[in-house]
Amino acid sequence: MPYEPKLIEEKWQRAWADAKVAEVDVAAPGDKFYMLNMFPYPSGDLHVGHGRNYILGDALYRYLRMQGRAALNPMGWDAFGLPAENAAIKRGIHPRQWTLSNIEREKKQFLRWGILYDWSKELASCEPEYYRWNQWLFLKLYERGLAYRAKAPVNWCPSDQTVLANEQVIDGRCERCSTIVVQRDLEQWFLKITDYADRLDDGLDTLEHWPEKVKLMQRNWIGRSVGADVEFAVPSLAKSIRIFTTRPDTIYGATFMVLAPEHPDVATLIADNPDRAAIEQWIAGVRNQSNLERQEAGKEGRFTGKTATNPFTNEEIPIWLGNFVLMQYGTGAIMAVPGHDQRDFEFAKQYGLPIRIVVRPSSGDVPNAEEAFSAKDDSATAINSGIISGLTTPKAIERIIGEIERMGIGKKMVRYRLRDWLISRQRYWGTPIPMIYCETYCTSSGIVPVPEEQLPVELPLDVPFTGREGNPLAKDERFVNTTCPRCHGPARRETDTMDTFVDSSWYYARFISANDGTKIFDSALANRWLPVDQYIGGIEHAILHLLYARFICRTLHDMGLLNYEEPFTRLFNQGMITKEGYRDAEHGTWVAIADVERVDGKPVHKTTGRALIAETSKMSKSHFNVVPPDELIERFGADTERVYTLFIAPPEKEAEWSDDAVNGAHRFLGRVWNMGEQVQGRKQKAEGRSGELVRKTHQTIDAVTRRFDRFEFNTAISGLMELSNAIGDALNSGDADSGALRDSYTTLLQLLHPFAPHITEELWSMFGNEGLILTSSWPKADPALMIEDVVTIVVQVNGKLRGQVEVPNPPEKEVVLAAIRANTKVQQWISGKEVVKEVYVPGKLVNIVVKG
RNA sequence: GCGAAAGUGGCGGAAUUGGUAGACGCGCAGGUCUCAGAAGCCUGUGGUCAUUAGACCAUGGGGGUUCGAUUCCCCCCUUUCGCACCA
C-alpha cells in the first residue's frame, strides 16, 4: 500500500480528539510541565510561517508526554484589537462576528496540522467571562495606586480621531491612514510600571533560561541610569533649577544649562526678556512638531537671558532652551558639559558657548576639535576639577556626590528611561475601563470605580460603525449615561477601552482556572502549575508583551495571589519564515506571483513588462509570498509540512521556505512507510550480525533525546534520517535478523512521532501495538549497546591528516602505536625524519611531530 | 552614532570540552526500471592539478596562541537585528 497521508491523517486527528488526550485535570497529581505558545491574534488565515511556532510547540508537547510528564498545553485567543474594528468599518461585519469566525478557521487549521491543545481550557479575551477579570484586575491596581489618570502628551491621529500606541506610529505617520501624527495633551489612564522598574531590571538576572538578546533589549528599554540630581541656583529669580546627570564628576566642566522648551520654569525665566515673543513663538513651533520632525530639525536653542550658578566653580552660566532636551526624562533640565558630551558639544559649537576639558582619558590623548571625549573610561582622571582633580572617574563620581549631599544641593539618584504604561485607547473593540465620572463630583476628582459586584461592564454589541468619528462607545448614550455608584446621582461611564496588552499580561494564569466564574484564578492551583515552564513565541514581543506580563505578575504577587514574580521560566523565540517575492524595480511595490514571468531569465511584470527584482522577506500577504498550508497538506500531508518546517534550519534562526526542499521531507516519510511493510515481511534470522544496527539504534536514541532537550530539531531529524538509512541498508544487505529490525524500526517510529505524528500512529498500530504511540514510553538508550567494537584512530603528521588505523575498542596506546608503525602510508611521512613529539588523544587521534 | 548576533560547497545547514571540516537534506550528473514520462531505487558530487596513486588549497579577510583552530585572542570587512538626542 503506498503512503497516502490523506487516508490516515484525519483518522488520527479524530482519534486524539475522541480520547481527549491533551486534556489535563489540573487538580490531579503528576510531574507537571506547563508549556505555552503565545496566544495569537485571530487574523484569519494562517500560513506555513505561522505554523513553525505551533509545530515546534506540538513536537515538544508530544515528546514531554512520551517522557511521562504531566504536560499542560492550552490555547486561547488574543481576540480584542484594531483589525476587527477596521473590518467592521470596511466590510460591515461586526467585530465580534469577524473575530469568532476567524477563531473557528484558525482552530481548524491547528487540527489539520495535528496539533494537540487542551481545548477544555480555551479562552478568548473578547468574551465577558474573560474581560470581567481584566476589569477586576484594573480595579485592584487602582486600589493600590497603580492605575491613575493624568494629562499626557500622546500620539494623536487627526484623521482617525484616536490616540495611537507608539508601535502604531510608523515613520511619524498613522499606520492605518498615513496621516502625520501629532502630539496632544489628553487625560489618559496609566499603569504605574515605573514603580516596578528596579524589580523588573533586577529580575532579569534570575532568568537563566531566557535568550540573552531579549534580556538585553528589556534592560535597554528600562534604561536604568545611576547619577545625581543637583540644584543650580538662579540668583536673579531667587530660585533654583534641578538637573539630572550621570556624570556628576564633570560638573566643573558645566559651562551652561539647557532646559526642555516645555520646562515649567521657562515662562518665569523669559518673563522680562525683550525677545520674549520670538522665543515663545519658537517654543510653540517646537511643541507642535512630531518627535520625528523635532529630531530631524537638528539641534536648536534660544538663550533665556538668565544665568545659573555652577555650585562648584561659582561661575554664572547661561541658561538656554534646547529642542534636544526631553521633558519626559529626568528633570527636563541638564547641566551641559560640552567637553565630555557629544550633544552638548555640538550645541556649544553651534552657539559659540565655552568648552572646558575636565577629564583626561587613560590613553592620554587630548580631545580633538571634532568630538567630545565622552567614552566610559574607568581609568580616566578628573582634571581642572577642584576637590576631585586627580581622581579616576568612578572615584570622582563617588566623591562629588558625597560633596553634593553634604552641601544639601542634591543627592544620588537612579532614573529610568521606562515611562508609565498608557493603557487608554479611544477604541470600541477592547475591554471597557470600569470607571465612572460622577457629574456631581461626590469625590474630589469625580472618579468613582465601578463596584466589583457590578462587573463586567459589558461592551454593548449593537453600536454603529461609521468609521471616521472616533470611538463608537462614546456615542452610545445607553452605555455612557449611568448613575454614580456612590451618590446615585447622574454620571457618565469612561468610554476608553484598554490596550490589548493588558489582556495578554495575565492570561497564562487564567488557563489554570479558565472556567471559574467566581475568581480571576485559583491561587493554590496557579502556584502549583505556574510559572510557565516553557514559553514559546516570536521575538517581536521581546519588550512590550513580556515586560508587561512580568510587571502584572509582580502586582499579582504583591496582592498575594501568586507566590513568584517571574511568569515564564524558559523563553524560546522561534525565527521567522521568509520567502522570495517580487517587487517593481523602480517603485518598490510588491507584485503577485501570478503576474510574474521570466524573460531571458529575468523577472518582469506579465502585463506591464516592467522590470522586477526578487527579494526574500518575511512571509506576508502584502508581499504576495505566503504559502498556504491547505494545498501543501492536500498534496504531501501535514506530517511532511511538520518535518520540513523543523528540518529547514535551527528553530531560532530565520529560514527561507523552499518549495523544492519540501520533497525531501516527503521522500523521507515515504521511505519510512515502505520500510514498514518490508520489516514486517522479513522473517529469517541472520545470526549474530545485528550488532551494527542495534548500536546505531541506541546511538540515535541518545542523540535525538539530547537534541530534543536543546531544541535542536533540525539535527534530531537528520539523526532519524540516518537511522532510517541504516535500517534500509540492513534490509538490503540482509545483515540483521527480523527481531533487531523490528526493534530498530519501532524505535524509529517512536522517536519520529513528535515530528510526524500521523504516519507514526498508523505504522505503530499496523505493527499490532496496543494503544497510541503518543502514550507509549520514550525509548531509553542502553549505553552498553552504544559502544563500538572497533574505533578509528586518526593519524596526523605535523597536524595534517596522513592516515587512519582501526583498533579494538577500548583502544590501548601500545596497540594504537603498533598499528601506526605497521601503517606504510604513515611511515612514508615520517621515515628519515626525527620524531620530536607524539601527541596521543585517547580514542581519537595521534599527532606525530617531526623535524627535517 | 550606540548595542547585539552572525559570516562554512551551487543552496538549507552539520561538527560535546580545540582533535578526520562539509553529517543530513535540496539541487545537479550518471545509471536502473518503463513503450515513454512521472514517482521510486542505486552511484557520484567543496575547489585546483593529476590517467591513477595522490598532492595542494579551502570555514568573510589579515595576524597571533597551539603539536593541532570553523572553535580561543587581536585588528579589519560585510550582513542582519535592536535602540536611537534618555543627559
Side-chain angles (χ1 to χ4, degrees), chain A residues 2 211-217 219-221 223-225 227 243-248 250 254 258 260 291 294-295 297-299 322-326 328-337 340-344 346-347 371 374-376 415-419 539-540 542-543 576 643-644 647-650 652-668 670-671 674 703 706 710 712 714-725 728 732 792-804 825 836-850:
Chain A
E212 287 303 320
K213 183 190 166 115
V214 174
K215 285 190 276 185
L216 186 71
M217 282 165 76
R219 199 155 265 144
N220 291 341
W221 190 263
R224 186 186 147 103
S225 290
I243 59 99
F244 172 68
T245 179
T246 55
R247 293 292 304 271
T250 62
V258 190
N291 288 338
R294 186 158 164 175
Q295 229 182 96
K299 288 191 177 49
N323 66 346
F324 68 102
V325 176
L326 307 173
Q328 308 95 293
Y329 184 76
T331 61
I334 61 160
M335 65 171 199
V337 184
H340 304 286
D341 182 286
Q342 191 59 28
R343 296 157 300 187
D344 301 347
E346 286 166 22
F347 195 78
E371 56 181 11
S374 55
K376 280 181 207 137
R415 292 193 181 269
Y416 304 90
R417 211 191 74 122
L418 185 70
R419 310 269 153 80
I539 188 76
E540 65 273 21
I543 297 174
M576 268 184 334
V643 169
Y644 174 67
F647 181 66
I648 186 169
E652 71 281 4
K653 277 184 65 177
E654 186 175 281
E656 187 178 351
W657 187 269
S658 155
D659 294 323
D660 284 338
V662 177
N663 274 315
H666 192 245
R667 272 203 284 265
F668 165 58
R671 274 197 300 273
N674 292 334
R706 276 185 291 115
R710 284 184 277 168
E712 294 169 358
N714 57 326
T715 53
I717 292 171
S718 75
L720 294 174
M721 288 173 170
E722 283 185 54
L723 178 59
S724 111
N725 290 345
N732 289 341
T792 304
I793 304 288
V794 169
V795 188
Q796 297 182 336
V797 177
N798 288 347
K800 287 198 170 182
L801 177 67
R802 294 305 180 195
Q804 30 194 274
K825 229 156 70 181
V836 182
K837 197 173 177 182
E838 274 179 346
V839 182
Y840 177 60
V841 182
K844 286 250 163 94
L845 66 68
V846 175
N847 188 12
I848 304 165
V849 186
V850 297

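In the text below, chain A, chain B and the rest are named by the order of the sequence lines, each starting its count at 1.
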(message) Restricting to side chain to side chain contact (heavy atoms under 4.5 Å, CB included), what partner residues turn up for A:K800, sequence neighbours left out?
(response) A:R802
(request) Quote, to the nearest angstrom, the C1' distance that separates B:rU71 from B:rA15. (result) 10 Å
(request) Please work out if A:L326 contacts a base, only the sugar-phosphate, or nothing of the nucleic acid, heavy-atom cut-off 4.0 Å. (result) base
(request) Using a 4.0 Å heavy-atom cut-off across all strands, classify A:S658 as base, sugar-phosphate, or nothing. (result) nothing
(message) Using every non-hydrogen atom in the two residues, find where A:A336 and A:V258 come nearest and quote the distance to one decimal.
(response) CB-CG2, 4.2 Å
(request) When you get a sec, tell me which of B:rA87, B:rG13, B:rG19 is the closest nucleotide to the side chain of A:P650? (result) B:rG13
(message) Quick check on B:rU20: is either OP1 or OP2 less than 4.0 Å from any side-chain nitrogen or oxygen of A:N847?
(response) no
(request) Measure the distance from CZ on A:F647 to P on B:rA23 and round it to the nearest whole Å. (result) 12 Å
(message) If I take atom CD1 in residue A:I539 and atom C1' in nucleotide B:rA5, what distance separates them, rounded to the nearest angstrom?
(response) 11 Å
(message) What contact category does A:I648 fall into here, base, sugar-phosphate, or nothing, at under 4.0 angstrom with non-hydrogen atoms?
(response) sugar-phosphate
(message) Given B:rC26, B:rA87, B:rU16, identify the nucleotide with an atom nearest to the side chain of A:Y329.
(response) B:rA87
Shorter than 3.5 Å, N or O on both sides, protein versus nucleotides 36-46 of chain B: list them out with atom names.
residue	atom	partner	partner atom	Å
B:rG40	OP1	A:R667	NH1	3.3

(request) Measure from the side-chain heavy atoms of A:K844 and tell me the nearest of B:rU16, B:rU17, B:rU20. (result) B:rU17
(message) Taking the C1' atom in each of B:rG19 and B:rG63, what is the distance between them to the nearest angstrom?
(response) 23 Å
(request) Using the C1' atom on both, measure B:rA36 against B:rC26 and round to a whole Å. (result) 27 Å
(request) Would you kindly give the CD-to-P distance between A:Q328 and B:rA87, to the nearest whole Å? (result) 14 Å
(message) On a heavy-atom basis, which atom in A:I648 and which in A:E656 lie closest, and how many Å separate them?
(response) CD1-O, 3.1 Å
(request) Grab the NZ-P distance between A:K299 and B:rA84 for me, whole Å please. (result) 16 Å
(request) Pick the C1' atom in B:rU80 and in B:rC75, then give their distance to the nearest Å. (result) 22 Å
(message) Nearest heavy atom decides the nucleotide; on that basis, is A:G330 or A:L216 closer to the 5' end of RNA chain B?
(response) A:L216
(message) Among residues at least two apart in sequence or on other chains, which ones pass side chain to side chain contact (heavy atoms under 4.5 Å, CB included) with A:E838?
(response) A:L817, A:V835, A:I848
Would you tabulate the pairs of protein nitrogen or oxygen atoms and nucleotide nitrogen or oxygen atoms of nucleotides 79-83 of chain B closer than 3.5 angstrom?
residue	atom	partner	partner atom	Å
B:rC81	O2'	A:K213	NZ	3.3
B:rC83	O3'	A:R417	NH1	3.4

(request) In whole angstrom, give the distance that lies between atom CG of A:N725 and atom C1' of B:rA14. (result) 15 Å
(request) Provide the distance between the two C1' atoms, one in B:rG22 and one in B:rG12, to the nearest whole Å. (result) 13 Å
(request) Say whether, by atom type as modelled, one donor and one acceptor occur between the side chain of A:N323 and the main chain of A:G298 under 3.5 angstrom. (result) yes
(message) Once side-chain hydrogen bond (donor to acceptor under 3.5 Å, both in side chains) is applied, do any residues pair with A:R417, and if so which ones, sequence neighbours excluded?
(response) none
(message) Strictly under 4.0 angstrom, non-hydrogen atoms only: write out the protein contact profile of nucleotides 53-58 of chain B, one letter per nucleotide from the 5' end, B, S or -.
(response) -SSSS-
(request) For A:E346 and for A:K837, locate the closest nucleotide of RNA chain B by heavy-atom distance; then report the residue assigned to the nucleotide nearer the 5' terminus. (result) A:K837
(request) Tell me, please, which residues at least two apart from A:Y329 pass ring-ring contact (aromatic ring centres under 6.0 Å, His included). (result) none
(message) Please report the interatomic distance CZ(A:R419) to CD(A:Q328), rounded to the nearest 0.5 Å.
(response) 5.0 Å
(message) Given B:rU17, B:rG12, B:rA87, identify the nucleotide with an atom nearest to the side chain of A:I334.
(response) B:rA87
(request) Using atom CD1 of A:I243 as one end and atom C1' of B:rA87 as the other, report the distance to the nearest whole Å. (result) 8 Å
(message) Taking B:rU65 as the reference, what is the distance to B:rA29 when you measure between their P atoms (whole Å, please)?
(response) 48 Å
(message) Please tell me if A:T715 has a side-chain N or O lying less than 4.0 Å from either OP1 or OP2 of B:rG13.
(response) no
(message) Can you tell me which nucleotide in B:rU20, B:rC24, B:rA87 comes closest to the side chain of A:S718?
(response) B:rC24
(message) Using a heavy-atom cut-off of 4.0 Å across all strands, would you classify A:G664 as base, sugar-phosphate, or nothing?
(response) sugar-phosphate
(request) Select base, sugar-phosphate, or nothing to describe what A:V841 touches, counting heavy atoms under 4.0 Å on all strands. (result) base
(message) Could you write out RNA chain B as dot-bracket? Rules: Watson-Crick or G-U wobble, both distances under 3.5 Å, brackets [ ] for crossings, | for pairs with another strand, dot for unpaired.
(response) (((((((..(((......[....)))((((((.......))))))((((....))))..(((((..]....))))))))))))....
(message) Heavy atoms only, 4.0 Å cut-off, all strands: where does A:V325 land among base, sugar-phosphate and nothing?
(response) base
Output side-chain donor-acceptor pairs under 3.5 Å for residues 658-666 of chain A, partner residues at least two apart or in another chain, one line each.
residue	atom	partner	partner atom	Å
A:S658	OG	A:D660	N	3.4
A:S658	OG	A:A661	N	3.0
A:D659	OD1	A:W657	NE1	3.3
A:D659	OD2	A:K579	NZ	3.4
A:N663	ND2	A:D660	O	3.4

(message) Going by the rule side-chain hydrogen bond (donor to acceptor under 3.5 Å, both in side chains), which residues pair with A:R706 if we only count those two or more places apart in sequence or in a different chain?
(response) A:D702
(request) Could you check which of B:rG3, B:rG19, B:rG12 has an atom nearest any side-chain atom of A:V839? (result) B:rG19
(request) Would you mind reading off the distance between A:L723 atom CG and B:rC24 atom P, rounded to a whole angstrom? (result) 13 Å
Could you run down the sub-3.5 Å N/O contacts of the protein with nucleotides 48-50 of chain B?
none

(message) Any base atoms under 4.0 Å from A:Q796, or only sugar-phosphate, or nothing? Heavy atoms, all strands.
(response) base
(request) Could you work out the separation of B:rU17 and B:rC73 based on their P atoms and round it to a whole Å? (result) 14 Å
(request) May I have the distance from A:E212 (atom CD) to B:rA6 (atom P), rounded to whole angstrom? (result) 12 Å
(message) If the glycosidic angle sits within 90 degrees of zero it is syn, else anti. Tell me which applies to B:rG9.
(response) syn
(request) Between B:rG61 and B:rU8, how far apart are the P atoms? Round to whole Å, please. (result) 10 Å
(message) Can you see if the side chain of A:N714 gets near the phosphate of B:rA14 - specifically, an N or O under 4.0 Å from OP1 or OP2?
(response) yes
(request) Check salt bridge (Lys or Arg N to Asp or Glu O under 4.0 Å) between A:R667 and all other residues, then give those that pass, not counting sequence neighbours. (result) none
(message) Quick check for you: to the nearest 0.5 Å, what is the distance between A:D341 atom CG and A:M335 atom CE?
(response) 9.5 Å
(request) Go through the steps to decide whether A:F324 and A:D344 satisfy the test side-chain contact (heavy atoms from CB on, under 4.5 Å), and finish with yes or no. (result) CA-CA 10 Å; A:F324 68 102; A:D344 301 347; 3.9 Å; yes
